[in-house]
Protein chains: 2
Amino acid sequence: MAEKEPAPRFQTKSAYAASVLRRALAEGRYAAGERLMATQLARDLGFSMTPVREALMQLANDGLLEIAPHRGVRVADIADDDLVDTYVVRAIVESAAARLAAARIRPEEIAQLRRVHRQFVDAASARDPDVARLRELNEEFHFIIYAAAGSPLLRRMIRTAWTSSPRDTFGVLPLKTARDDHGALIEALETRDGDRAEDVMREHIEESAKLLRLFKKSKRKH
Amino acid sequence: MAEKEPAPRFQTKSAYAASVLRRALAEGRYAAGERLMATQLARDLGFSMTPVREALMQLANDGLLEIAPHRGVRVADIADDDLVDTYVVRAIVESAAARLAAARIRPEEIAQLRRVHRQFVDAASARDPDVARLRELNEEFHFIIYAAAGSPLLRRMIRTAWTSSPRDTFGVLPLKTARDDHGALIEALETRDGDRAEDVMREHIEESAKLLRLFKKSKRKH
DNA sequence: AGGTTATTTTTTGTAAAAAATTTAAAATGG
DNA sequence: CCATTTTAAATTTTTTACAAAAAATAACCT
């Protein structure tokens with residue numbers, strides 16, 4: 001462990017601990033199925049058990065950890081199959097959200113979408129693209145749509161899907177494709193074409209899944 | 001408060017506290033937006049803060065409560081609109097799960113489905129039907145299908161949708177309709193007819209939503 | 001070896017201190 | 001004098017440190 005992060009800007013130690021753990025998981029620092037001991041983590045972070053415990057519960061809620069009563073917490077075993085599964089589910093819920101959004105989206109949300117899209121395009125066309133920023137903009141873009149769908153529950157589910165994958169998979173889709181898809185999405189939403197919005201979103205995600213599968217396969221051969 | 005429940009059969013106090021709170025919410029004992037004080041709840045239950053706190057986190061994760069850092073926890077304001085929303089979302093995810101299940105379900109799962117269905121039919125045709133048992137059987141039936149869909153994430157989402165409604169709404173659908181729908185579902189799954197399974201499931205849920213809307217409307221007039 | 005009883009380790013729960021927020025009261029300035 | 005800001009008090013949440021309970025591990029004894 002031994003994070004040297006400044007540790008401020010977090011409102012609670014639980015939140016900070018959760019963020020540290022989430023990052024550690026994303027970086028694959030723990031093996032699948034590995035047992036995490038709250039007492040140990042607390043010692044590493046210099047906190048007492050309670051905030052660490054709460055952080056563990058949060059991540060367990062996200063499906064990143066599994067916690068058995070009196071028996072401790074283990075890193076969830078998310079196989080490659082499950083990663084593909086994530087995309088299957090995302091295609092289902094996010095395309096449905098896009099369809100709903102087409103019916104309900106308001107002009108100011110369209111404007112917001114355009115603004116973020118423009119920033120994305122600018123950032124993507126830079127000489128040395130800032131991947132972290134692109135990821136943020138991409139997320140913002142998507143969630144403007146999901147908020148516009150007007151279903152808090154569906155939005156929450158999509159958030160679950162986005163956080164349920166420990167490994168960061170942004171960037172499998174070529175920037176150009178992402179850009180074009182986002183443009184098509186805006187157009188479909190603006191013309192209130194629910195069918196098209198749904199289709200574009202589904203293909204946008206399935207394309208990512210396909211590329212990810214290829215990527216995984218090529219890595220497995222090695 | 002002052003639950004007189006024996007309190008056993010729970011592995012941890014957190015779990016017990018969560019169960020008590022969940023029931024209290026289901027019974028509408030707290031107003032929407034009302035503030036819940038952990039210290040107060042702890043006193044009422046005779047527990048210390050930690051288990052109560054953990055219970056609150058669980059329910060917040062289910063969307064039943066909203067918790068703001070350093071500012072306490074409030075009962076989520078789930079309006080009637082949101083209840084309808086629940087059904088919209090359920091129709092989306094559960095019909096998708098039914099389609100997936102049709103492609104992957106195994107013979108023993110079909111057999112299991114038939115077994116539960118038979119129990120449901122028996123219980124439903126009793127002189128004085130046991131509603132609690134029917135609810136359990138209904139849930140079991142549905143989740144056999146969602147498990148058969150082979151997507152842990154989708155299954156988890158559906159579980160979220162089922163627990164995200166504080167008020168219990170089982171029973172709006174006439175027993176006869178439920179029975180017929182379940183029969184049609186088994187048939188569609190057995191013949192691997194994904195389209196049909198999806199349609200039946202969607203209509204099964206949308207029918208509930210429609211009746212619930214009528215029910216709500218009639219109650220509002222009064 | 002097999003099984004039972006200690007020992008140790010880890011999780012869970014308690015009580016109270018610390019930090020933050022809200023509420024109330026006092027002070028300040030127009 | 002009233003409104004606004006400051007200061008202080010009281011709640012409430014968050015964290016700590018430690019005790020109790022449960023499970024895992026080691027030791028022991030036929």
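Here is the naming used below: chain letters follow the sequence lines, and residue numbers restart at 1 for every chain.
Annotation: side-chain hydrogen bond (donor to acceptor under 3.5 Å, both in side chains) contacts of A:Arg71 (sequence neighbours excluded): none. Contacts of B:Arg118 classified as side-chain hydrogen bond (donor to acceptor under 3.5 Å, both in side chains), with partners at least two apart in sequence or in another chain: none. B:Phe120 pairs by the ring pair (Phe, Tyr, Trp, His ring centres under 6.0 Å) definition with B:His182, not counting sequence neighbours. The side-chain contact (heavy atoms from CB on, under 4.5 Å) search around A:Ala101 returns A:Ile145, A:Ala148, A:Ala149, A:Leu189, not counting sequence neighbours.
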Side chains of residues 50-59 of chain A: which donor-acceptor pairs under 3.5 Å do they make with residues two or more places apart or in other chains?
unit_1: A:Arg53; atom_1: NE; unit_2: B:Glu54; atom_2: OE2; d: 2.7
unit_1: A:Glu54; atom_1: OE1; unit_2: A:Ser14; atom_2: OG; d: 3.0
unit_1: A:Glu54; atom_1: OE1; unit_2: B:Arg53; atom_2: NH2; d: 3.3
unit_1: A:Glu54; atom_1: OE2; unit_2: B:Arg53; atom_2: NE; d: 2.6
unit_1: A:Glu54; atom_1: OE2; unit_2: B:Arg53; atom_2: NH2; d: 3.4

Pairwise N/O distances under 3.5 Å, protein to nucleotides 10-17 of chain C:
unit_1: C:dT10; atom_1: O3'; unit_2: A:Arg35; atom_2: NH2; d: 3.3
unit_1: C:dT12; atom_1: OP1; unit_2: A:His70; atom_2: N; d: 2.6
unit_1: C:dT12; atom_1: OP2; unit_2: A:Arg53; atom_2: NH1; d: 2.9
unit_1: C:dT12; atom_1: OP2; unit_2: A:Arg53; atom_2: NH2; d: 2.8
unit_1: C:dG13; atom_1: OP1; unit_2: B:Lys13; atom_2: N; d: 2.4
unit_1: C:dG13; atom_1: OP2; unit_2: B:Ser14; atom_2: OG; d: 3.3
unit_1: C:dT14; atom_1: OP1; unit_2: B:Lys13; atom_2: NZ; d: 2.9
unit_1: C:dT14; atom_1: OP2; unit_2: B:Ser48; atom_2: N; d: 2.9
unit_1: C:dT14; atom_1: OP2; unit_2: B:Ser48; atom_2: OG; d: 3.0

